[in-house]
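In what follows, every heavy atom counts, from backbone to side chain, and hydrogens, waters and symmetry copies are set aside. We number each residue from 1, following the sequence as shown.
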Amino acid sequence: MHKGILRRTWGMWILTVLLGLTVAIVGVLVSLGFMSGRELYEQKVIYKMETDASSTSIKVLDIDPSPLEIDDETYYLVKHNYGVSFLRTDASEIKQILEFKEALSEKTNALASSDFYLNIRVVDEKEKRGKSSVQTNITPEMKEAFEEKFKLSPLSVQATLDKLDLKHFLTITDSAARFVDIAMFIVAVVFFVIVFGWQIIRVRRIKKHYARFDEIFPDYKDNMKRLLDDAEYLDDKLCVLVKDGILVSFGTEFKVVDLEEAVSASVFRQKSKWGAKFNFTFFYEGRKKEEVPLGDLQDNVVDLVHYLREVCSYNVYIQF
């Protein structure tokens with residue numbers, strides 16, 4: 001394999017590997033959502049009064065069976081190993097826990113010996129939505145209501161106010177959350193496959209042009225730089241040379257074009273927010289075409305076109 005192939009593709013290979021690692025990490029995080037609260041707890045994936053982007057767990061030590069209603073949402077005050085948090089859920093989701101609490105209502109840490117574990121998600125006080133948008137999940141009014149509820153709750157006897165989590169509330173990991181996780185994982189996998197496939201195609205395309213170069217210029221294949229000195233036309237800034245009716249692009253892409261094979265050619269200007277870029281497009285019979293990137297130096301591009309027209313008698317259309 002030519003060294004030039006690796007030189008032109010190593011950056012994308014690194015990006016592809018990093019993307020693959022990211023997909024693997026996302027896969028692991030998605031798998032956490034399908035584990036039980038006990039399994040997560042035993043693997044030390046435990047909520048410690050901090051923000052967690054994926055599934056984590058708590059061991060329920062006690063619960064206040066009297067819920068707090070805010071904006072049609074129900075919150076239960078739950079004590080766990082690291083403090084007291086508000087759990088947003090319906091009574092049906094924690095029916096067994098509430099029934100067990102009712103049977104042992106007068107005991108402190110009533111649920112500690114019952115091994116109730118929950119697979120939960122953590123909702124932060126605020127979260128970024130885009131570059132400048134911020135969504136507030138816990139308003140000052142909600143914080144005030146949380147604090148008042150805690151002060152009136154039997155759990156306030158077991159824990160001080162500083163153990164109350166006012167910066168987050170918890171939700172139970174349900175099928176909807178798992179569906180979102182799977183969708184995100186599928187998108188990540190599809191994106192990785194597209195990038196990986198595109199990189200494979202790009203390597204094969206560059207390899208094909210190197211093989212064509214060796215076939216056309218056998219005397220230069222062991223020392224390609226010699227062709228820079230022997231070229232009939234050379235533009236180092238455009239990374240383009242012409243010799244014996246063959247155009248070679250040796251920039252980020254390596255292309256070898258036989259000017260006699262192409263039916264016609266055009267130079268197109270492509271605009272973007274990063275500026276204008278020029279592409280040399282060669283058209284062949286059967287709708288086949290070959291694109292050669294020329295960068296953003298318009299004067300150099302015009303000089304190349306004039307050379308091909310005047311010296312090589314080659315018709316080139318400028319589309320700008």
Using a cut-off of 6.0 Å, state whether more than 12 heavy atoms not belonging to [X] lie near its atom [atom1].
{"X": "Lys243", "atom1": "NZ", "result": "yes"}
{"X": "Arg226", "atom1": "CZ", "result": "yes"}
{"X": "Asp71", "atom1": "CG", "result": "no"}

Legend entry - Ring centers of Phe100, Phe116 separated by less than 6.0 Å: yes
Inset, instruction - Assert yes or no for the condition that the ring centre distance of Phe282 to Tyr284 is strictly below 6.0 Å. - result: no
Inset, instruction - Taking all heavy atoms of Glu232 and all of Tyr307, pick out the closest pair and write down the distance. - result: CB-OH, 3.6 Å
Measure the shortest side-chain to side-chain distance between [X] and [Y] over non-hydrogen atoms and say whether it is less than 4.5 angstrom.
{"X": "Thr74", "Y": "Thr89", "result": "no"}
{"X": "Tyr220", "Y": "Phe213", "result": "yes"}
{"X": "Leu155", "Y": "Val78", "result": "no"}

Inset, instruction - May I ask you to establish whether Lys143 and Phe146 are in a cation-pi arrangement, using a distance under 6.0 Å from NZ or CZ to the six-membered ring centre and at most 45° from the ring axis? - result: no
Inset, instruction - Measure up the Tyr210 and Phe254 rings against each other and bin them: parallel (under 30°), tilted (30 to 60°), perpendicular (over 60°). - result: parallel
Inset, instruction - Give me the ring orientation class for His80 and Tyr82: parallel if the planes are under 30° apart, tilted from 30 to 60°, perpendicular past 60°. - result: tilted
